[in-house]
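All remarks here apply to the structure that follows.
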Amino acid sequence: MSTGETRKKLESRGFSPNKRFGQNFLTDENVLDGIVDAAGIEPADTVLEIGPGTGALTKRLAKRAAKVIAVEIDRGLAGMLEEEFRDDEHVRIICGDILKTDLGALLKEHAPVKVVANLPYYITTPILLELLPKENLFESFVIMIQKEVADRMSAAPGNKDYGALSLVIQYYGKPRIVMEVPPSAFYPAPEVTSSVVRIDRHETPPVDTKDPDRMFAVIRAAFGKRRKTLANAVSSDPGLEISAAGMRSALRSMGLDEAVRGEALSLSDYAGLCDRLFLS
Ligand code: SAM
């Protein structure tokens, strides 16, 4: 749907893009096709679409998947889509907030599903971090996010964008930037450049750590104070109760410099560090 068609579709029902729900609708046909291609949908797949909006992606997904389950928070848009897809048994529209939806119950007959989402940017990362840890429900995610966030998710150690988000995302899956999307691809145009990212969820995490949540707490502390050494940043976090001496000894036992900074460590270094810190 072009910008003109999208606007017409909304206006004919008395709708206009609602800022509260972060509504920037995709109107560029190449980008829409590129997202669906990136999702790699097979005929037997079920797709969970989050935030279908005017249905531009939904229509394309329905042509390829066995089932599309689309969750839309905006009652007006959800009603419009229900009407549009009433006779299409491939598509189920649900009006609701994805964060308040019981996804286990919704997807249990279909899991693992592929997720496709172009959501408001302020909730995309929290939603992803909520969904990624859920075992057996999701196979892959194709999401649209701010370019800078996509760069952070996929960064490796040594890269300027490498940080806590890179490590958490890469613990659960393998991210790959599919394409950059300019503001002109949307109606209304957002202020930022976006990227489409595909994340394939790991069947088993690439590192073995006894307590991933505690490892993430160490990682967040490590990157929370970037100017400090890793030992100082982690030991000065009151929630962790790890001494500077304990940190230094763990680093030494790994053959790392006591003054190393958090950005020098890989995911497997963090797993090794946490096992030394918490199991000794
Ligand atoms: N996917 C459509 C597209 O590409 O044109 C719409 C994209 S628009 C950026 C985001 C959509 O997500 C809107 O339709 C909005 O109403 C919906 N949305 C926002 N928050 C949501 C939530 N918590 N749960 C479900 N849908 C949500």
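A quick note: this is a predicted structure, and the numbers were derived from the prediction, not measured. Remember, it's 1-based here, ligands and their atoms both numbered in the order they're listed.
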- [ ] Look at ligand 1 and say whether Ala56 reaches it with a heavy atom at a distance under 4.0 Å.
- [x] no

TODO: Step by step, work out the side chain to side chain contact (heavy atoms under 4.5 Å, CB included) result for Asp28 and Val181.
DONE: CA-CA 9 Å; Asp28 185 309; Val181 184; over 6 Å; no

Open item on the list: Any heavy atom of Asp97 closer to ligand 1 than 4.0 angstrom?
Closed with: yes

- [ ] Would you confirm whether the ring centroid of Tyr171 sits within less than 6.0 angstrom of the ring centroid of Tyr270?
- [x] no

- [ ] Report the residue from Val31, Val197, Asn24 that forms a side chain to side chain contact (heavy atoms under 4.5 Å, CB included) with Met144.
- [x] Val31

Open item on the list: Looking at Arg201 and Glu135, is there a salt bridge between them, counting it only when a charged N and a carboxylate O are closer than 4.0 Å?
Closed with: no

Open item on the list: In this structure, does ligand 1 have an atom that sits under 4.0 Å from one of the heavy atoms of Ile123?
Closed with: yes

Task: Side chain, backbone, both or neither: Pro52 near ligand 1, heavy atoms under 4.0 Å - done: backbone

Task: Heavy-atom proximity to atom 16 (O) of ligand 1, best of Glu72, Lys100, Met144 - done: Glu72

Task: For atom 25 (C) of ligand 1, the option (of Leu77, Asn118, Val116, Val71) bearing the nearest heavy atom - done: Val71

Open item on the list: Please confirm whether Gly96 approaches ligand 1 to less than 4.0 Å, judged on its heavy atoms.
Closed with: yes

Open item on the list: When you group the ILVMFWY residues by side-chain heavy-atom contacts below 4.5 Å and let the links chain together, are Ile219 and Met254 in the same group?
Closed with: yes

Task: Test: Arg214 cationic atom under 6.0 Å from Phe278 six-membered ring centre, within 45° of axis - done: yes

